[in-house]
Amino acid sequence: MHGLWKPRVLGAWKVPATGPVIFAVNHSHNIDGPMVMGVAPRPTHFLIKREAFVGPLGSFLTGIGQLQVDRTAADRTAITRALGVLEAGGVLGIFPEGTRGEGDFASLRAGLAYFAVRSGAPIVPIAVLGSSGKRGRLIKGLPPVRSRIDVVFGDPFEAGDGSGRRTRTALDEATERIQKQLTSHLENARRLTGR
């Protein structure tokens with residue numbers, strides 16, 4: 001990442017050094033996940049749509065520990081593997097909106113709340129800014145080479161209410177808390193970086 005772009009990493013020290021952690025990353029460009037993996041202080045296992053696991057790229061993603069997920073149904077295999085990452089004290093990366101979009105955390109899917117409440121792992125919000133602005137001249141689908149991309153790590157927070165409940169209501173309440181935290185972090189990251 002540092003060879004192709006000029007990432008500016010802010011707040012990486014906020015990531016807990018040990019124990020399970022969930023990275024909640026906004027997603028406005030294909031480069032967001034690889035950028036976070038390249039600059040994060042801990043190895044990260046992202047849930048990535050199964051459509052990306054084709055040919056050599058699929059073998060590469062599997063080889064570096066990324067997790068394939070079928071977004072069309074409840075993918076029990078992906079859920080089990082993701083929980084396994086957290087149970088082993090690892091870092092699970094999630095795009096809470098479920099797909100690429102505006103990257104503003106406007107519509108969250110329930111997966112992030114489920115993993116956070118089920119595992120008890122803290123969530124670290126991450127804002128990737130500057131990846132979806134201009135198109136590169138060499139490769140149109142990527143940001144311009146040597147452009148600045150900001151990766152801003154936020155303060156870890158707990159999604160659950162401390163009751164240990166895993167009901168639909170508890171997950172809905174956790175999703176609301178998560179959305180407020182992520183939106184607030186994104187606003188602060190934009191103010192901090194001037195984007």
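Starting from 1, each residue takes its place in the sequence as its number. As the structure is a computational prediction, the values presented were derived from the model and not from experiment.
- The number of heavy-atom neighbours closer than 6.0 Å to CZ of Arg81, taken from other residues, nucleotides and ligands shown, is 12 or below.
- No donor-acceptor pair closer than 3.5 Å links the side chain of His27 to the backbone N or O of Ile94.
- Of all heavy-atom pairs spanning Ile149 and Gly130, the tightest one is CG1-O, 4.0 Å.
- Neither Leu10 nor Phe153 shares a network with the other; the hydrophobic side chains, linked directly or stepwise wherever heavy atoms of I, L, V, M, F, W or Y lie under 4.5 Å apart, form separate groups for each.
- No side-chain heavy atom of Val152 sits under 4.5 Å from any side-chain heavy atom of Ile126.
- Separating the CG atom in Leu92 from the OG atom in Ser119 is a distance of 8.0 Å, to the nearest 0.5 Å.
- Within the 4.5 Å cutoff, the side chain of Arg190 has heavy atoms near those of the Leu129 side chain.
- Using a distance-only test at 3.5 Å, with no hydrogens or angles considered, a donor-acceptor pair links the side chain of Arg177 to the main chain of Ala159.
- The minimum heavy-atom distance between Val21 and Ala121, with the atom names listed, is N-CB, 4.2 Å.
- Side-chain heavy atoms closer than 4.5 Å link hydrophobic residues (I, L, V, M, F, W, Y) into clusters, and following such links, possibly through other members, connects Ile64 to Ile31.
- With hydrogens and angles ignored, the 3.5 Å screen pairs a side-chain donor or acceptor of Asn26 with a backbone N or O of Val128.
- Residues Phe53 and Ile48 approach most closely at CE1-O, 3.6 Å, considering heavy atoms.
- The closest donor-acceptor contact from the side chain of Arg42 to the backbone of Pro16 lies under 3.5 Å.
- The CZ atom of Phe157 sits 10.0 Å away from the NE2 atom of His185 when rounded to the nearest 0.5 Å.
- The distance from the CG atom of Leu67 to the OG1 atom of Thr77 is 11.0 Å, given to the nearest 0.5 Å.
- By the 4.5 Å heavy-atom criterion applied to side chains, Ile178 and Ile123 are counted as neighbours.
- Closest non-hydrogen pair, Leu112 versus Ala24, comes out as CD2-CB, 3.8 Å.
- Side chain of Thr193 to backbone of Ala189: a donor-acceptor contact under 3.5 angstrom is found.
- Annotation: side chain of Arg118 is in contact with side chain of Leu83 (closest heavy-atom distance under 4.5 Å).
- Under the 4.5 Å side-chain heavy-atom criterion for grouping Ile, Leu, Val, Met, Phe, Trp and Tyr, Met35 is connected to Phe60 within one hydrophobic cluster.
- The ring of Phe46 has its center no closer than 6.0 angstrom to the ring center of Phe23.
- Heavy atoms only, all atoms of each residue included: Phe115 and Ala82 are closest at CE2-CB, 3.6 Å.
- Within the 3.5 Å criterion, the main-chain N or O of Thr44 finds a donor-acceptor partner in the side chain of Gln66.
- Checked by atom type and distance alone, the side chain of His45 pairs as donor or acceptor with a backbone atom of Gly65 at under 3.5 Å.
- At least one side-chain heavy atom of Arg148 sits under 4.5 Å from a side-chain heavy atom of Asp150.
- For the pair Leu171 and Glu173, the minimum side-chain heavy-atom distance is 4.5 Å or more.
- Between Asp70 atom CG and Arg76 atom CZ the span is 12.5 Å, to the nearest 0.5 Å.
- For the atom pair Asn188 CG and Thr183 OG1, the distance stands at 11.0 Å (nearest 0.5 Å).
- Between the CE atom of Met37 and the CG atom of Asp32 there is a distance of 10.5 Å, given to the nearest 0.5 Å.
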